[in-house]
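Read the structure below first, then the notes.
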Amino acid sequence: MRVLLLTHSYSPEVSPPQRRWDSFVYVMREAGWKVQVVTPRVELRTGTTEPNRWIGRAEVGAHGEIIRSYASLRKPRTILGKLIKNALDGTLMLPRALLQARPSVVIATVPALPTMFVGFIVARIFRRPLLLEMRDAWPDLITDSRILRWKWLTRLAHWGVREIQRRATIVVTVTDGFAKILSREGVPAVRTIHNGISTRNFEVLPSPPKRNNSKLHVLYLGNLGESQSLESVILASTMVSDGIQVRIVGAGTASERLKRYAETIDANIDFRSPARGDSLRSHYQWADTCVVSLRDDWASFNHTVPSKIYELMSLSRHITGIVTGEAARIISDASAGDIVDHDPNHIADLWQQLYRDKQRTDVGTTGRDWVFENASLEKLGQKYVELISGMTGRERDRG
């Protein structure tokens, strides 16, 4: 079996898609499959004064996969910049993908929309089945986010995405709710392989130190974008007593706007730059409760589950879940935290309750147990192996 994976993010970058596919590729390689990865590479600094040297040539990955990369733009700070970067990445990805050895199956993983169009073209040229992985609820998000100013362009993009979903051999979603929507929209073959975390080299995080008479430490760690609607969190911080301390760690297109908003309303927010490794773990060790937030005025987020939920559950951290739909159900089913809406008064009220009774933030290992049983990326990767084996087998029978 030879797999061609087209993805906008891959090791050594650190992101939810990278973590997912690092584990899946590990499982595929353990099964004896050959894996080729085509991905854009931002010329990141790696602790030295020189940019990474592997851009533009083949590299052997951690699991023996072959990675072929090409130069890309640095991560943009605006939505327009993001659209331009994604379009450029897709344009450069196509010729690089076509230079690879003919695969048994083409996998295109989205949220970077141009990747799905490239995957469709490559699969057609190679005459191979296309497995299209939709990590986000596209094309619904196009309408909800209004990222395209003109209605005719929104309708065209919506039609184009849906057509490729219908023409793909199989579409994989990460939530059951979105799978049902695609099926209702006439996508013939839809499967769900949920998100999760790697349990291969899992390290337990110690419980937060006992601080019964100190402040409640509230942490948001992740992307600062339009999807999170963190203004509610910032405003809520001004409605609680001095017993609450809020820290926001991350970067994104809304970073500067959120900082200005916090200054305008005199919110005492500790903004920190993105973190990874030991620094990341120290933030989690500091926290009593961790915020996961998705805006509630976009219908597509009713069937979106941020991968951060699985990470926090595995680390036995209490979650302040400002989410709805499937994400809220997972937190509740695993007894991993509390669910609240985007009303700042309700968020502030929850934090006051947690401050008065910090014992509520001790969620034990129920969330971790749930993740190991239902959201281990290695177990989910085995489902991918079974799905692709069945899919390519049917294609051979037809041929």
Side-chain angles (χ1 to χ4, degrees), residues 9-26 41-54 59 61-63 67 74-75 195-211 214-225 228 230 233 244-252 255 258-259 269-293 306-320 336-337 358 361-365 367-369 371-372 375-378:
S9 179
Y10 201 74
S11 298
E13 298 166 29
V14 178
S15 68
Q18 171 270 320
R19 289 190 289 267
R20 178 177 172 90
W21 279 101
D22 179 78
S23 294
F24 289 175
V25 168
Y26 166 80
R41 292 292 204 205
V42 180
E43 296 198 12
L44 302 169
R45 302 286 175 167
T46 56
T48 69
T49 57
E50 298 180 3
N52 294 328
R53 291 188 290 270
W54 28 251
E59 176 197 8
H63 312 303
I67 306 170
R74 292 184 182 275
K75 191 172 182 179
N195 260 326
I197 65 157
S198 173
T199 56
R200 196 167 70 248
N201 300 307
F202 180 77
E203 294 183 30
V204 175
L205 187 69
S207 300
K210 299 298 182 182
R211 296 186 294 260
S214 65
K215 294 183 177 182
L216 178 79
H217 291 179
V218 178
L219 173 69
Y220 174 82
L221 192 152
N223 183 52
L224 308 185
Q228 288 72 36
L230 293 175
V233 172
I244 314 294
Q245 185 175 347
V246 179
R247 179 184 294 180
I248 294 180
V249 181
S255 295
L258 291 172
K259 291 175 183 177
I269 303 292
D270 181 15
F271 284 97
R272 302 284 186 94
S273 57
R276 61 180 61 181
D278 291 340
S279 177
L280 184 75
R281 291 177 67 85
S282 70
H283 286 304
Y284 285 139
Q285 184 65 36
W286 173 87
D288 294 307
T289 184
C290 298
V291 173
V292 177
S293 178
S307 56
K308 182 65 65 177
I309 289 177
Y310 302 110
E311 182 178 5
L312 295 174
M313 287 167 57
S314 72
L315 296 174
S316 296
R317 284 303 178 263
H318 178 276
I319 299 174
T320 295
K358 285 209 181 78
T361 64
D362 184 1
V363 293
T365 63
R368 183 189 305 164
D369 294 342
V371 168
F372 271 66
S376 164
L377 285 177
E378 283 69 36

(request) Could I get the full list of side chain to side chain contact (heavy atoms under 4.5 Å, CB included) partners for Gln18, not counting sequence neighbours? (result) Ser9, Ser11, Val14, Ser15, Asp22

(message) Which label fits His63 and Tyr26: parallel for a plane angle under 30°, tilted from 30 to 60°, or perpendicular past 60°?
(response) perpendicular

(message) Tell me the closest heavy-atom pair linking Val249 and Pro274, and the distance in Å.
(response) CG1-CA, 4.3 Å

(message) Do Arg19 and Ile197 make a side-chain contact, defined as non-hydrogen atoms from C-beta onward lying under 4.5 Å apart?
(response) no

(request) With the side chain counted from C-beta on, respond yes when Tyr220 and Val246 share a heavy-atom pair under 4.5 Å apart, and no when they do not. (result) no

(message) Quick check: do Ile248 and Leu224 have side-chain heavy atoms less than 4.5 Å from each other?
(response) yes

(request) Going by the side-chain hydrogen bond (donor to acceptor under 3.5 Å, both in side chains) test, name the single residue among Thr361, Asp362, Thr289, Asp288 that passes it with His318. (result) Thr289

(request) Please report the closest heavy-atom contact between Pro306 and Val292, naming both atoms and the distance. (result) CG-CG1, 3.8 Å

(message) Between Arg317 and Gln285, is there a side-chain heavy-atom distance shorter than 4.5 Å?
(response) yes

(message) Taking side chain to side chain contact (heavy atoms under 4.5 Å, CB included) as the definition, give me every residue that meets it alongside Ala375, ordered by chain and number, with sequence neighbours left out.
(response) Tyr310, Trp370, Val371

(message) Between Leu221 and Lys308, does the side chain to side chain contact (heavy atoms under 4.5 Å, CB included) criterion hold? Intermediate values first, please.
(response) CA-CA 9 Å; Leu221 192 152; Lys308 182 65 65 177; 3.5 Å; yes

(request) Check whether the side chains of Arg247 and His283 place a donor and an acceptor atom closer than 3.5 Å, and report yes or no. (result) yes

Would you be so kind as to tabulate the donor-acceptor pairs closer than 3.5 Å made by side chains of residues 275-282, with sequence neighbours excluded?
from: Arg281; atom 1: NH2; to: Val204; atom 2: O; distance (Å): 3.3
from: Ser282; atom 1: OG; to: Ser279; atom 2: O; distance (Å): 2.6

